[in-house]
Number of protein chains: 2
Amino acid sequence: MRPQDPELELVHLLRATVVELGLHSARFAARTGMHPTDVRALIALMDASRAGEEMTAGRLGAGLGLNSAGTTALVDRLERAGHVRRVRAAGDRRKVLVEVDERAVALGWEHFGPLIGRVVELLRVYDERELAAIRGFLEGVREAAGGED
Amino acid sequence: MRPQDPELELVHLLRATVVELGLHSARFAARTGMHPTDVRALIALMDASRAGEEMTAGRLGAGLGLNSAGTTALVDRLERAGHVRRVRAAGDRRKVLVEVDERAVALGWEHFGPLIGRVVELLRVYDERELAAIRGFLEGVREAAGGED
DNA sequence: ACAAGAATCTCGCTGAGCGAGATAATAGCC
DNA sequence: GGCTATTATCTCGCTCAGCGAGATTCTTGT
């Protein structure tokens, strides 16, 4: 396989799309005075909350690729900005649960809502088989990127 | 539209996939002692080179969302590591062309090659209509994420 | 109770990226 | 052809994100 092979067209398109999504998040970060990592953290927290899962400081940092010191600093920043609250876990009091503030959720929704709406709109035109193809492709890429490499 | 709406399933999957791809790049960065931004820069440079375009310091920095000072520092780092060369543009001698070193290309290919191979493999099972759906979706997302918001 | 282990935090430090302004080269104007 | 405005990059000084090492607090198994 060589970089100019035509079968790589979709790979390049995927990469370009990921880059564009990254810049979109960066604009949100700049607009709200946050750092890219803070935005990634908020997204992870909102996603966990959506899935009904509790998020601890440790798991959050691990998910973002930070060590414990960096994680503490991250949560400090988010807490100082009023975007999250620290809550000691009832069961295991060593753990710190990080809860997102409702206003932070609203802020994120305000920025990402239009994009999400446009993507949902996009999906309208596809039938079940096409949607299955898109879903299968994304899942495949996610698995291919995860784990060993 | 609310965060738990079922039509958002694919949006969440897309986000999860992007996160996983980001972590994959981060592992490459850690392995080669580079910073995430350096990796993004190398990818941008390799892509421009693949497309047969010259890349100037300014356009590189703009593409990554850096200001001029940060761009200079970035190119300094990459040059010091031997990944790129600075070349004054022949036509307009204010411009600095940034050229990727062949060994950096090989290094990147070594890390991203397996992932790319797996994605190409993935695409094998789809027929033309399904591939068109995937392509259309990615292009749509890229456009939705770009520009105003 | 007590040792071993787990989750987080503190401290000191390195270095990425920013703002402001300097420098060098080009382009437009009369 | 010089003179000014503009463009591209670089320099300087600074702030703050994230790291390594180790301290602290809480849990669990014996």
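Chain letters run A, B, ... following the sequence lines, proteins first, then strands; residues in each count from 1.
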Task: Length of the line joining A/L97:CG and D/dC26:C1', which is rounded to integer Å - done: 14 Å
Open item on the list: Would the base of D/dT25 count as contacting A/R94 through its side chain, where contact means a donor and an acceptor less than 3.5 Å apart?
Closed with: no
Task: Rounded distance in Å - CZ (A/R88) to P (C/dA7) - done: 13 Å
Open item on the list: What is the separation between atom CZ on B/R77 and atom P on C/dG15, rounded to the nearest whole Å?
Closed with: 11 Å
Open item on the list: From CE of B/M34 over to C1' of C/dA16, roughly how many Å is that when rounded to an integer?
Closed with: 14 Å
Open item on the list: In this structure, how many angstroms lie between the C1' atom of D/dA17 and the CD atom of A/E79, rounded?
Closed with: 18 Å
Task: Side-chain touch A/E143/B/E20, heavy atoms, less than 4.5 angstrom - done: no
TODO: Grab the CG-P distance between A/L78 and C/dT8 for me, whole Å please.
DONE: 15 Å
Open item on the list: For B/H24 and B/F112, take the angle between the two ring planes, folded into 0 to 90°, and tell me which bin it lands in: parallel under 30, tilted 30 to 60, perpendicular over 60.
Closed with: tilted
Task: Selected nucleotide, minimal atom distance to B/T37 side chain, candidates C/dA16, C/dA7, C/dC9 - done: C/dA16
Open item on the list: Is there a side-chain contact between B/E99 and B/M55 in this structure, where contact means two heavy atoms from C-beta onward sitting under 4.5 Å apart?
Closed with: no
Task: Any A/R86 side-chain N or O less than 4.0 Å from OP1/OP2 of C/dC9 - done: yes
Open item on the list: For a quick check under 3.5 Å, do A/R50 and B/H12 share a side-chain donor-acceptor pair by atom type?
Closed with: yes
TODO: Check whether any side-chain N or O of B/T17 sits under 3.5 Å from a backbone N or O of A/L138 as a donor-acceptor pair, and report yes or no.
DONE: yes
- [ ] Calculate the interatomic distance between B/D92 atom CG and C/dT26 atom P; express it in whole Å.
- [x] 6 Å
TODO: Taking A/S49 for its side chain and A/L45 for its backbone only, find out whether a donor-acceptor pair lies under 3.5 Å.
DONE: no
TODO: Give, ordered by number, those residues of residues 52-76 of chain A having at least one heavy-atom distance below 4.0 Å to an atom of DNA chain C; if nothing qualifies, reply none.
DONE: A/T56, A/A57, A/G58, A/S68, A/A69, A/T72
